[in-house]
**Q** 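I have a structure here, written as structure tokens, and I will follow up with some questions on it.
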Amino acid sequence: TNKKGTVMTNMEKLQAAWDAKDLSGVKGMFTDDAVMLLLHENKTLTGEDLNNKLTAMVLDEETISSDFRIVYENDECAVTYEKIAGPFFGGQVSIVQLWRDGQIYHMEVSTIKDTAE
């Protein structure tokens, strides 16, 4: 349950584990066959590559999420926006996740370039 006493959504659970740097909690939110597309890097991660990237991102002290908000969520799909500091993203990030039985099986991550700079 969250601070409001209501049952946490999948995204709230994932964000809580991420913010707590709970590696096993984050990894438990992904299926064994999960796919992560890093659109801004033109990379597709699966298996051990995905496992290694998740480990590096979660445990990196500088990779901190802020301004997190859920744009849309149901039991099968979530769209989020946040700012992620650190070496992996370093800015605004939009993420689309597809869920199956409370776990992510497909995730697409995009960084958003601020053209006003």
Side-chain angles (χ1 to χ4, degrees):
T1 55
N2 62 16
K3 294 172 191 161
K4 297 174 189 158
T6 57
V7 175
M8 293 174 72
T9 67
N10 289 333
M11 269 315 308
E12 288 171 334
K13 289 177 192 171
L14 176 61
Q15 192 65 19
W18 183 278
D19 287 345
K21 299 288 186 188
D22 175 4
L23 183 59
S24 62
V26 171
K27 286 186 177 182
M29 302 290 293
F30 286 80
T31 62
D32 291 338
D33 62 346
V35 174
M36 181 187 290
L37 303 179
L38 298 172
L39 299 176
H40 54 288
E41 296 180 19
N42 198 23
K43 285 186 186 170
T44 301
L45 302 176
T46 59
E48 195 61 29
D49 290 336
L50 175 54
N51 192 40
N52 292 342
K53 181 67 93 171
L54 279 175
T55 300
M57 289 190 294
V58 172
L59 296 183
D60 182 80
E61 291 298 322
E62 294 177 18
T63 301
I64 305 289
S65 169
S66 63
D67 296 336
F68 175 79
R69 64 184 169 91
I70 297 170
V71 177
Y72 175 82
E73 179 179 19
N74 65 22
D75 288 341
E76 297 173 354
C77 176
V79 179
T80 61
Y81 165 87
E82 62 196 298
K83 291 181 183 173
I84 303 179
F88 297 100
F89 304 103
Q92 301 175 73
V93 181
S94 177
I95 303 174
V96 176
Q97 298 160 334
L98 301 181
W99 294 77
R100 178 174 61 225
D101 299 325
Q103 291 181 301
I104 298 165
Y105 68 91
H106 184 88
M107 180 178 204
E108 297 190 13
V109 183
S110 305
T111 56
I112 302 165
K113 299 293 180 205
D114 187 349
T115 56
E117 291 178 10

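Keep in mind that what you see is a predicted model, and the values were worked out from it rather than measured.
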**Q** In terms of hydrophobic clusters joined by side-chain contacts under 4.5 Å, are Met57 and Leu45 together?
**A** yes
**Q** Between Met36 and Leu38, does the side-chain contact (heavy atoms from CB on, under 4.5 Å) criterion hold? Intermediate values first, please.
**A** CA-CA 6 Å; Met36 181 187 290; Leu38 298 172; 3.8 Å; yes
**Q** With Tyr81, which residues qualify under side-chain hydrogen bond (donor to acceptor under 3.5 Å, both in side chains), at least two apart?
**A**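 With neighbours one apart ignored, the set is Gln92.
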**Q** Should we count NZ of Lys27 as having more than 12 external heavy atoms under 6.0 Å?
**A**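 Atom NZ in Lys27 is crowded, with more than 12 foreign heavy atoms closer than 6.0 Å.
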**Q** Determine whether Val96 and Val93 fall in the same hydrophobic cluster, where Ile, Leu, Val, Met, Phe, Trp and Tyr are linked whenever their side-chain heavy atoms lie under 4.5 Å apart.
**A**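 No, Val96 and Val93 fall in different hydrophobic clusters.
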**Q** Can Asp32 and Phe30 be said to form a side-chain contact (heavy atoms from CB on, under 4.5 Å), step by step?
**A** CA-CA 7 Å; Asp32 291 338; Phe30 286 80; over 6 Å; no
**Q** Looking at every non-hydrogen atom in both residues, tell me the closest pair between Thr63 and Pro87 and how far apart they are.
**A** OG1-CD, 3.8 Å
**Q** How long is the gap from OG on Ser66 to CG on Asp19, to the nearest 0.5 Å?
**A** 9.5 Å
**Q** Quick one: pull up CZ in Phe88 and OG1 in Thr111 and give me the separation to the nearest 0.5 Å.
**A**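 The OG1 atom of Thr111 is 14.0 Å from CZ of Phe88, to the nearest 0.5 Å.
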**Q** Roughly how far apart are Glu82 CD and Gln15 CD, rounded to 0.5 Å?
**A**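 Between atom CD of Glu82 and atom CD of Gln15 there are 5.0 Å.
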**Q** How long is the straight-line distance from CD of Gln97 back to CE of Met11, given to the nearest 0.5 Å?
**A**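 Between atom CE of Met11 and atom CD of Gln97 there are 4.5 Å.
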**Q** Which pair of non-hydrogen atoms, one from Ala17 and one from Gly25, has the smallest distance, and what is that distance?
**A** CB-C, 4.0 Å
**Q** Taking side chain to side chain contact (heavy atoms under 4.5 Å, CB included) as the definition, give me every residue that meets it alongside Leu37, ordered by chain and number, with sequence neighbours left out.
**A**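 Leu37: side chain to side chain contact (heavy atoms under 4.5 Å, CB included) contacts with Val35, Leu39, Thr44, His106, Glu108.
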**Q** Restricting to side chain to side chain contact (heavy atoms under 4.5 Å, CB included), what partner residues turn up for Leu59, sequence neighbours left out?
**A**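 Result, side chain to side chain contact (heavy atoms under 4.5 Å, CB included) vs Leu59: Leu23, Thr55.
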**Q** Please test Arg100 against Asp33 for side-chain contact (heavy atoms from CB on, under 4.5 Å), starting from the C-alpha separation and ending with a verdict.
**A** CA-CA 11 Å; Arg100 178 174 61 225; Asp33 62 346; 2.9 Å; yes
**Q** What residues form a side chain to side chain contact (heavy atoms under 4.5 Å, CB included) with Met29, not counting sequence neighbours?
**A**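 Side chain to side chain contact (heavy atoms under 4.5 Å, CB included) check on Met29 returns Lys13, Leu14, Trp99.
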**Q** Using a cut-off of 6.0 Å, state whether more than 12 heavy atoms not belonging to Asp101 lie near its atom CG.
**A** no
**Q** Without swapping roles, check the side chain of Lys21 against the backbone of Asp60 for a donor-acceptor pair under 3.5 Å.
**A** yes
**Q** Mind checking ring pair (Phe, Tyr, Trp, His ring centres under 6.0 Å) for Phe89 and listing every partner two or more places apart, or none if nothing turns up?
**A**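 Phe89 satisfies ring pair (Phe, Tyr, Trp, His ring centres under 6.0 Å) with His40 once adjacent residues are dropped.
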**Q** Suppose we screen for side chain to side chain contact (heavy atoms under 4.5 Å, CB included). Which residues come up paired with Asn52, at least two apart in sequence or across chains?
**A**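 Counting only residues at least two positions away or on another chain, Asn52 forms a side chain to side chain contact (heavy atoms under 4.5 Å, CB included) with Glu48.
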**Q** Among Thr80, Val79, Ile104, which residue satisfies the side chain to side chain contact (heavy atoms under 4.5 Å, CB included) criterion with Ile95?
**A**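 For Ile95, the side chain to side chain contact (heavy atoms under 4.5 Å, CB included) test succeeds with only one of Thr80, Val79, Ile104, which is Thr80.
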**Q** Looking at every heavy atom in both Gly28 and Gln103, which two are closest together, and how far apart are they?
**A**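 The pair with the smallest heavy-atom distance is O-NE2, 3.0 Å.
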